[in-house]
**Q** 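Here it is, the structure in full.
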2 protein chains.
Amino acid sequence: MLSIWGILAPMNAPRTARERARAELTAEITDAARRQLADVGPTDLSLRAIARDLGMASSAIYRYFASRDALLTALIVDAYDSLGEAVEAAEALVDRGDHLGRWMTATRAARAWALDHRHEYSLIYGSPVPGYAAPTDTIDPAGRVGLVVAAILADAAEAGVLGMVAGPQPVDGLIEPGVVDQLGADPAHAAAGVQAWTWLFGAISFELFGHYNNVVVDPDEWFDDAMARLAHLAGLTA
Amino acid sequence: MLSIWGILAPMNAPRTARERARAELTAEITDAARRQLADVGPTDLSLRAIARDLGMASSAIYRYFASRDALLTALIVDAYDSLGEAVEAAEALVDRGDHLGRWMTATRAARAWALDHRHEYSLIYGSPVPGYAAPTDTIDPAGRVGLVVAAILADAAEAGVLGMVAGPQPVDGLIEPGVVDQLGADPAHAAAGVQAWTWLFGAISFELFGHYNNVVVDPDEWFDDAMARLAHLAGLTA
DNA sequence: TCTCGAACGAGAGCACCGCTCTCCCTTTCT
DNA sequence: AGAAAGGGAGAGCGGTGCTCTCGTTCGAGA
């Protein structure tokens with residue numbers, strides 16, 4: 001039943017001119033915001049400047065976003081998606097059996113994305129924006145990088161190449177059961193995975209926010225070295 | 001030569017009434033700022049509100065701080081010192097020979113301080129404030145927690161109870177030589193120490209900024225467990 | 001096809017912000 | 001005592017997020 005009607009007006013897509021214009025303008029606003037975010041940082045992001053950039057009245061923006069925070073939230077979701085996509089795309093190119101290689105590639109991709117999108121990164125992994133009360137919209141996209149890590153660990157476990165967690169074994173019940181399921185591994189490896197995930201973004205944040213100044217010599221080398229050791233911690237050796 | 005003159009006007013202290021008043025007012029301003037910071041977050045910290053709180057004209061603040069960023073920088077230094085002091089004080093109470101205990105106590109103190117001073121924490125470990133270009137004043141106080149970690153590792157090394165770094169050995173030259181010296185250990189343990197330090201604040205940030213929501217069951221337990229495993233990574237087992 | 005309501009853009013305006021400048025008084029130094 | 005520096009208050013500038021009102025335009029139902 002793929003009628004011409006269906007093609008001209010596909011389901012779940014804007015049908016009227018007004019709806020199409022609305023969708024386009026919404027995208028244009030977020031685009032302009034992202035563009036502005038490239039050189040000013042979340043705090044200085046100005047609704048009026050975005051409006052000027054688009055040649056419209058600042059009040060008109062409020063037809064599309066209830067507030068500056070709402071716009072920021074949209075950008076946060078986009079940023080999570082952009083980061084997730086970058087990591088997924090890079091990791092997908094690696095031989096499925098090379099679990100350590102997949103881990104290194106995924107983490108390098110995350111760091112590279114962060115360095116290329118500093119302000120977007122600090123939007124999602126810096127301090128939360130003032131009034132922002134972690135809307136549920138962000139929960140899903142936030143998990144994408146975690147899911148990649150999960151898949152790598154799960155595949156390694158299935159292949160039987162997941163070694164013991166290094167050091168004292170994590171006690172059970174630390175990680176939410178649902179997350180453990182997603183990780184497809186035992187609780188100990190789930191904990192190690194979350195620990196690795198924490199360190200990944202901790203290290204990126206430290207580098208981006210300047211805490212490694214006068215401490216780390218070569219950030220590239222440091223990151224790779226630490227990531228390899230971290231993989232070992234999680235039992236990922238091949 | 002401790003003359004009455006010297007007692008009335010000790011060296012390096014405000015001598016005139018004007019200088020004393022200046023020092024007091026400067027402190028009052030930072031106090032008011034810190035008070036405001038307790039419930040609004042760095043971005044919303046308002047110079048005018050501070051002035052209102054102190055019953056003075058907003059323009060008068062500029063006699064004491066060149067700009068809002070300058071005030072923020074002062075708060076950053078204070079926050080680093082406050083955190084450093086809290087960690088040092090807690091760690092000092094532990095038996096010097098109990099290196100693992102010192103590590104656990106120090107890291108727990110850091111987390112406790114962060115939970116008690118959320119906005120001050122995000123001021124120093126969240127995304128850098130907009131125009132802020134990490135003034136050199138902040139370098140020294142920022143290292144205090146690192147120095148505590150350093151001392152623990154160095155003492156353990158001296159006592160001969162510092163085990164091997166877990167997993168693949170870090171390559172040399174990752175960490176600035178000066179920092180390695182401070183850590184009083186070999187480059188491998190220095191790298192592991194920096195890695196542990198990174199994870200410490202990465203985990204605190206993740207908890208504070210909400211990234212552990214729906215992932216970690218009990219943050220207290222999680223923190224302790226991970227910290228113990230991390231100590232093992234750095235070779236700290238006793 | 002016409003009509004009426006919803007969507008929309010523009011503009012003025014409010015309260016707030018950081019910051020500057022000027023004016024005037026007080027304190028300190030010479 | 002006089003000059004110079006320090007410090008407070010107030011007005012004001014350009015900016016912000018956000019609201020409200022007022023026309024216009026679009027689109028769906030009669």
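Per chain, numbering begins at 1; letters A, B, ... match sequence-line order. Just so you know, these numbers come straight off a predicted model, no measurement behind them.
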**Q** Nearest to the side chain of Arg63(B), which nucleotide is it out of dT22(C), dG27(D), dC19(C)?
**A** dT22(C)
**Q** Going by salt bridge (Lys or Arg N to Asp or Glu O under 4.0 Å), Arg34(B) matches just one of Asp39(B), Asp78(B), Asp53(B). Which one?
**A** Asp78(B)
**Q** Check the distance between dC19(C)'s C1' and Asp69(B)'s CG and give it to me in whole angstrom.
**A** 12 Å
**Q** Give the rounded distance in Å between these two atoms: CG of Asp44(B) and P of dC18(D).
**A**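 The answer, rounded to whole Å, is 11 Å.
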**Q** Answer with base, sugar-phosphate or nothing: what part of the nucleic acid does Tyr64(B) contact at a heavy-atom distance below 4.0 Å?
**A** sugar-phosphate
**Q** Mind checking Leu25(A) for me? I need base, sugar-phosphate or nothing, with any heavy atom below 4.0 Å counting as a touch.
**A**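 The answer is sugar-phosphate, as Leu25(A) gets under 4.0 Å only of primed atoms, P, OP1 or OP2.
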**Q** Can you tell me how far P of dG6(D) sits from CD of Glu19(B), to the nearest Å?
**A**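 In whole Å, dG6(D) P and Glu19(B) CD are 10 Å from each other.
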**Q** Among dG17(D), dG10(D), dC19(C), which nucleotide has an atom closest to any side-chain atom of Ala57(B)?
**A**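 Output: dG10(D).
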**Q** Does Arg22(B) contact dG6(D) through a side-chain donor or acceptor facing the base, at a distance under 3.5 Å?
**A**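 Check fails, no donor-acceptor contact within cut-off.
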**Q** Check every atom of dC17(C), dG8(D), dC19(C) against the side chain of Ser46(B) and return the nucleotide holding the closest atom.
**A**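 So the side chain of Ser46(B) is nearest to dC17(C).
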**Q** Assess whether one donor atom and one acceptor atom, taken from the side chain of Ser59(A) and the base of dG11(C), lie less than 3.5 Å apart.
**A** yes
**Q** Could you pick out which residue, Ala66(A) or Ala49(A), lies toward the 5' side of DNA chain D when each is mapped onto its nearest nucleotide?
**A**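 Closest to the 5' end, via its nearest nucleotide, is Ala49(A).
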**Q** Let me know the distance between CZ of Arg68(A) and P of dT19(D), rounded to the nearest Å.
**A** 14 Å
**Q** Can you list the steps and then say if Met56(A) with Ile61(A) is a side chain to side chain contact (heavy atoms under 4.5 Å, CB included)?
**A** CA-CA 8 Å; Met56(A) 64 197 300; Ile61(A) 303 273; 4.2 Å; yes
**Q** Any idea which of dA9(D), dG9(C), dT28(C) is nearest the Ala60(B) side chain?
**A** dA9(D)
**Q** DNA chain D: Gly55(B) or Arg18(B), which has the more 5' nearest nucleotide?
**A** Arg18(B)
**Q** Could you walk me through whether Tyr121(B) and Ser205(B) pass the side chain to side chain donor-acceptor pair (under 3.5 Å) check?
**A** CA-CA 9 Å; Tyr121(B) 178 85; Ser205(B) 295; 2.9 Å; yes
**Q** Starting from P on dG18(C), measure out to CG on Leu47(B) and report it in whole angstrom.
**A** 5 Å
**Q** Would you kindly give the CG-to-P distance between Leu72(A) and dG17(D), to the nearest whole Å?
**A**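 Those two atoms, CG and P, are 11 Å apart.
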**Q** So what does Leu54(A) hit on the nucleic acid, given a heavy-atom distance under 4.0 Å: a base, only sugar-phosphate, or nothing?
**A** nothing
**Q** Can you check the Leu71(A) CG to dG17(D) P distance for me, whole Å?
**A**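 My rounded result for the distance is 10 Å.
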**Q** For Ala17(B) and for Leu45(B), find the nucleotide of DNA chain C with the closest heavy atom, then tell me which residue's nucleotide is more 5'.
**A**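 Whichever sits nearer the 5' end wins; that is Leu45(B).
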**Q** So Ser67(B), base contact, sugar-phosphate only, or nothing? Heavy-atom distance under 4.0 Å.
**A**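 Sugar-phosphate contact only.
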**Q** Indicate yes or no for a side-chain donor-acceptor contact from Arg144(A) to the backbone of Val87(A) under 3.5 Å, with no hydrogens or angles considered.
**A**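 No; judged by distance alone, with no hydrogens or angles, the pair does not exist.
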**Q** Please check if the side chain of Trp103(B) supplies one atom and the backbone of Met227(B) the other of a donor-acceptor pair under 3.5 Å.
**A** yes
**Q** Counting only N and O atoms by type, is there a donor-acceptor contact under 3.5 Å from the side chain of Trp199(B) to the main-chain atoms of Gln195(A)?
**A** yes
**Q** Measure CD/Glu24(B) against P/dG8(D) and give the value in whole Å, please.
**A** 12 Å
**Q** Within less than 4.0 Å of OP1 or OP2 of dG27(D), is there a side-chain N or O belonging to Arg20(A)?
**A** no
